[in-house]
Amino acid sequence: MAMNTQHFLTLDDLPANTLKTLIDRAIELKTMTRQGQIYEPLKNKSLAMIFSKSSTRTRVSFEVGMRQLGGGTLNLSPNDTQIGRGEPLEDTARVISSMVDGVMIRTDEHAKVETFAQYSSVPVINGLTDDFHPCQLLADMQTLQETRGDINGATVAWVGDGNNVCHSFMNAARLFGFKLHIATPKGYEPDTALVTQNEGYIALVDNPNDAVANADVVVTDTWASMGQESEKQERLTDFDGFCVDAALMKKADKDAIFMHCLPAYRGMEVTGEVIEGPQSVVFQEAENRLHAQKALLEHLLT
Ligand code: CP
Ligand code: NVA
């Protein structure tokens, strides 16, 4: 088993000061890219990408990010590899990591990325599991820093499902020092162990109005994540009253921004008016996946 390899399975894999340095670096790399500077510290390096779930942003940002840094990617889907035919992850991890410089994985159970990392001799990056989406939070923290100037001391309102993105927001609240007010319908609260771990930074409420009061950021996500398609109808009923609409945004700070990791479902978790409105930063947030992950790749692979 490979020890001492730096992975990124949750935000907690990196110290808070390193995470903050990554955000500053992401902003720098964004400027360099905009200026057309060629910067290729990952020349001849390869990142294997294993997607067991769909992706637009994560796929494109890692692919283009590696290319801009001078390296390349391999797109592996379980169906085209022996993973789909049941080769043990322990074997797959040892084989793939013997030939590449990093591995990005998007899958269902979080334990799978942990097992892979345990047997990988190169850094493993979590590109979303059922429990966490740490790369999303790097881009979100970059976006918050770009728009507000300072993340520390901000108030963020999460309205919706206590899901993987919500869990990573909870860790971010502690590591970046902001308050997170979480409003979910009953039965859709985030993981209780994470609630305890992030005590002092988060507050659970069952009413979206209470969560958004004076918030600097209002954030939501789909009501039915990948893998929960069969619960969609039931969730539509259960999440009644949790749509982020203009009336809810008015209760937040007047300069509040609206964030969403995307893909978004207009008329469900957010109205078209809010996501297309002046407070929405969702496309800046999506672009920042590229810059934030380039900072992460530079940190992990050089
Ligand atoms: N936000 C996000 O991870 O998007 P994709 O599912 O398109 O990668
Ligand atoms: N919570 C969503 C995020 C998609 C990027 C999901 O897991 O499907």
Side-chain angles (χ1 to χ4, degrees), residues 8-11 26 47-66 73 75-78 103-113 125-144 156 158-172 180 182-185 188-191 194 217 219-232 234-236 238-239 242-244 258-266 268-270 275 280-294 296-297:
F8 188 64
L9 307 185
T10 73
L11 289 173
L47 177 77
M49 310 201 296
I50 303 174
F51 283 101
S52 335
K53 287 177 176 173
S54 306
S55 167
T56 298
R57 280 142 288 269
T58 306
R59 187 185 300 277
V60 175
S61 54
F62 272 110
E63 172 112 29
V64 173
M66 275 304 285
T73 53
N75 237 303
L76 308 173
S77 95
V103 183
M104 191 290 310
I105 306 176
R106 167 169 288 196
T107 189
D108 40 25
E109 288 159 48
H110 190 72
K112 289 185 184 168
V113 293
I125 298 170
N126 175 3
L128 181 143
T129 60
D130 289 347
D131 294 343
F132 295 101
H133 197 0
C135 291
Q136 183 64 50
L137 261 290
L138 294 182
D140 290 3
M141 292 302 101
Q142 179 185 349
T143 310
L144 185 50
V156 178
W158 177 273
V159 178
D161 191 15
N163 64 10
N164 43 10
V165 178
C166 178
H167 288 162
S168 287
F169 254 102
M170 292 162 75
N171 286 339
L180 180 64
I182 304 170
T184 69
Y188 294 97
E189 293 86 0
D191 179 73
L194 281 173
V217 183
V219 54
T220 188
D221 186 14
T222 180
W223 291 340
S225 285
M226 289 181 276
Q228 298 170 336
E229 289 77 7
S230 64
E231 299 169 28
K232 202 158 184 168
E234 186 186 339
R235 282 170 173 260
L236 274 181
D238 293 348
F239 283 80
F242 281 77
C243 176
V244 178
F258 171 76
M259 295 178 100
H260 190 310
C261 64
L262 305 178
Y265 299 86
R266 287 162 174 78
M268 295 188 191
E269 75 271 12
V270 61
I275 201 167
S280 172
V281 295
V282 299
F283 296 108
Q284 177 182 345
E285 186 184 354
E287 182 195 326
N288 283 343
R289 294 292 303 279
L290 169 64
H291 310 296
Q293 286 157 204
K294 279 172 72 182
L296 178 69
L297 289 166

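The shown structure was predicted, so the numbers you read here are calculated from the model rather than taken from an experiment. Both counts, for ligands and for their atoms, begin at 1 and track the order of listing.
Between the side chains of Thr143 and Glu285, no donor N or O sits under 3.5 Å from an acceptor N or O. Side-chain polar atoms of Gln293 and Ser61 form a donor-acceptor pair below 3.5 angstrom.
Within 4.0 Å of ligand 1, the residues that place a heavy atom are Ser55, Thr56, Arg57, Thr58, Arg106, His133, Gln136, Cys261, Leu262, Arg289, listed by chain and number.
Cation-pi check for Lys294 over Phe62 is not met; the charged atom does not lie both under 6.0 angstrom from the ring centroid and within 45 degrees of its normal.
Here Cys261 pairs with Gln136, Val165, Asp221 under the side-chain contact (heavy atoms from CB on, under 4.5 Å) rule; sequence neighbours left out.
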request  = Determine, step by step, whether Arg106 and Asn126 satisfy the side chain to side chain donor-acceptor pair (under 3.5 Å) criterion, reporting the C-alpha distance in whole Å, the side-chain angles of both residues, the deciding distance to 0.1 Å, and the verdict.
outcome  = CA-CA 6 Å; Arg106 167 169 288 196; Asn126 175 3; over 6 Å; no
ask   = Given the rule in the side chain to side chain donor-acceptor pair (under 3.5 Å) test, do Thr220 and Glu269 qualify, once you have shown the distances and angles that lead to the verdict?
value = CA-CA 7 Å; Thr220 188; Glu269 75 271 12; over 6 Å; no
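Here Tyr188 and Phe242 keep their ring centres 6.0 angstrom or further from each other.
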Pairs under 3.5 angstrom, nitrogen or oxygen on both sides, ligand 2 versus protein: list them out, please.
residue  : atom  : partner : partner atom : Å
ligand 2 : 1 (N) : Asn163  : ND2          : 3.3
ligand 2 : 1 (N) : Asn164  : OD1          : 2.9
ligand 2 : 1 (N) : Asp221  : OD2          : 2.6
ligand 2 : 1 (N) : Ser225  : OG           : 2.7
ligand 2 : 7 (O) : Asn164  : ND2          : 2.8
ligand 2 : 7 (O) : Ser225  : OG           : 3.4
ligand 2 : 8 (O) : Met226  : N            : 2.8

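At distances below 3.5 Å, not a single donor-acceptor pair connects side-chain atoms of His167 with backbone N or O atoms of Phe132.
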Name the atoms and distances for all side-chain donor-acceptor pairs under 3.5 Å in residues 223-230, with sequence neighbours left out.
residue : atom : partner : partner atom : Å
Gln228  : OE1  : Ser225  : N            : 2.8
Glu229  : OE1  : Gly227  : N            : 2.8
Glu229  : OE2  : Gly227  : N            : 3.3

